[in-house]
Colleague: 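Please find one structure pasted underneath; my questions will follow.
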2 protein chains.
Amino acid sequence: MNQLILKTPLSEAQEDYLKQILLLSSGGTGSLEPTLAVSTQDLADEMQIKPASVTGMLKKLSEHGLVEHEAYRGVRLTATGYKVALEVLRHHRLIEAYLHQALGYGWEEVHAEAERLEHHISEAFEARIAEWLGHPSHDPHGDPIPSAQLELPQDAPSQRLSSLEDGEYGLVMRVATQDQDALNLLARLGIRPGAKVEMLMLGHSVEGTRVRVGEQRYLLPTNLAQMVWVSPLGDEYAG
Amino acid sequence: MNQLILKTPLSEAQEDYLKQILLLSSGGTGSLEPTLAVSTQDLADEMQIKPASVTGMLKKLSEHGLVEHEAYRGVRLTATGYKVALEVLRHHRLIEAYLHQALGYGWEEVHAEAERLEHHISEAFEARIAEWLGHPSHDPHGDPIPSAQLELPQDAPSQRLSSLEDGEYGLVMRVATQDQDALNLLARLGIRPGAKVEMLMLGHSVEGTRVRVGEQRYLLPTNLAQMVWVSPLGDEYAG
DNA sequence: CAACATTTTTAGGTTAGCCTAAACTTAGGT
DNA sequence: ACCTAAGTTTAGGCTAACCTAAAAATGTTG
Ligand SMILES: [Mn+2]
Ligand SMILES: [Mn+2]
Ligand SMILES: [Mn+2]
Ligand SMILES: [Mn+2]
């Protein structure tokens, strides 16, 4: 149905560039509205590629009409590039959800497998796993999955765990990192989408953030506490 | 467990070469014992690549110790190359089985998807779908699936449908082609692994082979009748 | 057994996607 | 406004995997 028709089918590298431009341009907030232009350096860092190589690829993507690249001032997705990026992201997140729910992968091990497979599945495969999953709106990390029409789900408002008030409760909505170590650690602590956390009294300090998860109390380093997005819960849900 | 450790991870192209050398060297019988040496030309035809390019790749595979290539006299797999080829074939056939049984693909549509995915799944993925399937010994076409230890299942003796005697019954064991048109046609006629066929009286003629499948009688072109492998059934199973 | 058609290899070329090193542009601090 | 560090682009190179065209080896057949 929605498969984009492009003159040239895109390579794995090109698809990854477009996806990363989208993720970086929406600044880690998960909103996926491409606002800012993305710098060569940021792409290079994120993709573990040298800046000179990034420039070369941006030139090619620009010739194909997928990005607009103004020399020395960064790159933005065109309308077409944005759609391709959403399509790749849909593949990635559907695959993550399928690996987790159908094949029993841990939510912290799905990313690497999805990173490769996203480029190699057919539209038929996409359709069948979406069907099997019941057309989910979010992946196992709480990231939104673009629909088959590439529309994004409306997300409930959320805030970083690190910004909860002392004594406040939050429902974990998203864990916004692909860092393997961070995912492993948070998985071990039980901090995953759907979990309930309480910000302890005097919870904020220079060493990090003190929270309760189930029976356990933890001191989360600030960088970890910023990756976790929660939806505040009124005290009536405090149990 | 069994994943082969090679100095260099192989490319998609290299894996496909090794797999094709294995399939061609066992001469379409499905036995997968690499007997004959494979010619540059046959590989070029099968893979839709020019002979000059094949020579180049064989030289590289030879340097990596995966094949033995004697100039002008064809190529054979080494022990290592044989194991890699079996590993790729295991991926291919497990994926075909999974697409068919878990995701509802028709048995005639699984090949193209498996051809790509075979190179991009992890050993973890292989293990999980094998588990889900209950460690199957054959794929939806009836082709044998190497075990995790790369051992091949012992196949019941079978013969080409075209060689059944007049009036004899056969159980379809294998449909030995990847040709899309042939698969579509045979699927439509109900000639698939597990089906029962009867060779009609006076069934052999120059136009092909006359058989009964269920209530229907067909005149199968000879080339199709040779792709279908059957295990002869005694008359007691004739119902 | 020689001549020729077929098969295979060699030589040289292309494209994609990466690299390093050097040159250039921009922006920030004084 | 200038100087410099940081960021970016340009120039030149590399490897993988294909290609075409021409040369060489093989084997078939009259
Ligand atoms: Mn990827
Ligand atoms: Mn995710
Ligand atoms: Mn393949
Ligand atoms: Mn098969």
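Residue numbers begin at 1 in each chain, while the letters A, B, ... track the order of the sequences. Everything quoted here is computed from the prediction, not taken from an experiment.
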Colleague: Within less than 4.0 Å of OP1 or OP2 of D:dT8, is there a side-chain N or O belonging to A:His69?
Modeller: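 Result: no.
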Colleague: Send over the distance from A:His64 NE2 to C:dT15 P, rounded to a whole Å.
Modeller: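 About 12 Å, once rounded to whole Å.
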Colleague: Would you kindly give the CG-to-C1' distance between A:Asp16 and C:dA16, to the nearest whole Å?
Modeller: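 So the CG-C1' distance, A:Asp16 to C:dA16, works out to 15 Å.
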Colleague: Quantify the bending of the helix from C:dC1-D:dG30 to C:dT30-D:dA1 as the angle between its end axes, each fitted on five pairs, to 10°.
Modeller: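 It works out to 10° between the end axes.
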Colleague: Looking only at side-chain N and O atoms, does A:Arg73 come under 4.0 Å of OP1 or OP2 in C:dA27?
Modeller: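 It does, given that an N or O in the side chain of A:Arg73 lies less than 4.0 Å from OP1 or OP2 of C:dA27.
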Colleague: Nearest whole Å is fine: how far is D:dA22 P from B:Lys50 NZ?
Modeller: 16 Å
Colleague: Rounded to whole angstrom units, what separation is found between the CD atom of A:Glu12 and the P atom of C:dG17?
Modeller: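 One finds 10 Å between P of C:dG17 and CD of A:Glu12, rounded.
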Colleague: Please report the C-alpha distance between A:Ser26 and A:Glu33 in whole Å, then the side-chain angles of each, then the deciding distance to 0.1 Å, and finally whether the side-chain hydrogen bond (donor to acceptor under 3.5 Å, both in side chains) criterion is met.
Modeller: CA-CA 6 Å; A:Ser26 45; A:Glu33 312 298 327; over 6 Å; no
Colleague: Would you say the side-chain atoms of A:Thr80 pair up with the backbone N or O of A:Gly65, donor to acceptor, closer than 3.5 Å?
Modeller: no
Colleague: Taking for each residue the nucleotide of DNA chain C bearing the nearest heavy atom, is the 5' side occupied by A:Tyr72 or by A:Pro51?
Modeller: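 On the 5' side of the pair lies A:Pro51.
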Colleague: Starting from P on C:dT9, measure out to NZ on B:Lys59 and report it in whole angstrom.
Modeller: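 Rounding to the nearest Å, NZ of B:Lys59 and P of C:dT9 are 11 Å apart.
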Colleague: Indicate whether OP1 or OP2 belonging to D:dT8 is found under 4.0 Å from a side-chain N or O atom of A:Thr55.
Modeller: no
Colleague: Check DNA chain C against residues 37-49 of chain B and give the residues with a non-hydrogen atom under 4.0 Å, in numerical order.
Modeller: B:Ser39, B:Thr40, B:Gln41
Colleague: Quick check on D:dA17: is either OP1 or OP2 less than 4.0 Å from any side-chain nitrogen or oxygen of B:Lys60?
Modeller: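 Result: yes.
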Colleague: What is the distance, rounded to the nearest whole Å, between atom CG of B:Leu58 and atom P of C:dT10?
Modeller: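 For the pair B:Leu58 CG and C:dT10 P, the rounded distance is 12 Å.
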Colleague: Between the side chains of B:Glu96 and B:His92, does any donor sit under 3.5 Å from an acceptor?
Modeller: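 Present: a donor and an acceptor within the cut-off.
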Colleague: If the test is side chain to side chain contact (heavy atoms under 4.5 Å, CB included), which one of A:Asp42, A:Asp16, A:Val54 qualifies with A:Met47?
Modeller: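 When side chain to side chain contact (heavy atoms under 4.5 Å, CB included) is applied between A:Met47 and each of A:Asp42, A:Asp16, A:Val54, only A:Asp16 qualifies.
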Colleague: Separation of B:Leu61 atom CG from D:dA16 atom C1', in whole Å?
Modeller: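 Atom CG in B:Leu61 sits about 12 Å away from atom C1' in D:dA16.
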Colleague: Which atoms form the tightest heavy-atom contact between B:Tyr105 and B:His100, and what is the distance?
Modeller: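 Reported closest heavy-atom pair: O-ND1, 2.8 Å.
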Colleague: Between A:Met57 (CE) and C:dT15 (P), how many Å, whole number?
Modeller: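 Interatomic distance, CE of A:Met57 to P of C:dT15: 16 Å.
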Colleague: If we ignore hydrogens and angles and just use 3.5 Å, is the side chain of A:Ser163 paired with the main-chain N or O of A:Gln159 as donor and acceptor?
Modeller: no
Colleague: Is B:Glu46 salt-bridged to B:Lys19, cutoff N-O under 4.0 Å?
Modeller: no
Colleague: Give a yes or no on whether a salt bridge exists between A:Arg128 and B:Glu109, defined as a side-chain N under 4.0 angstrom from a carboxylate O.
Modeller: yes
Colleague: Please answer whether the main-chain N or O of A:Pro146 pairs with a side-chain N or O of A:Arg90 as donor and acceptor at a distance below 3.5 Å.
Modeller: yes
Colleague: Hey, does A:Ala52 reach any base, or is it just sugar-phosphate, or nothing, if we go heavy atoms under 4.0 Å?
Modeller: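 Contact class for A:Ala52: base.
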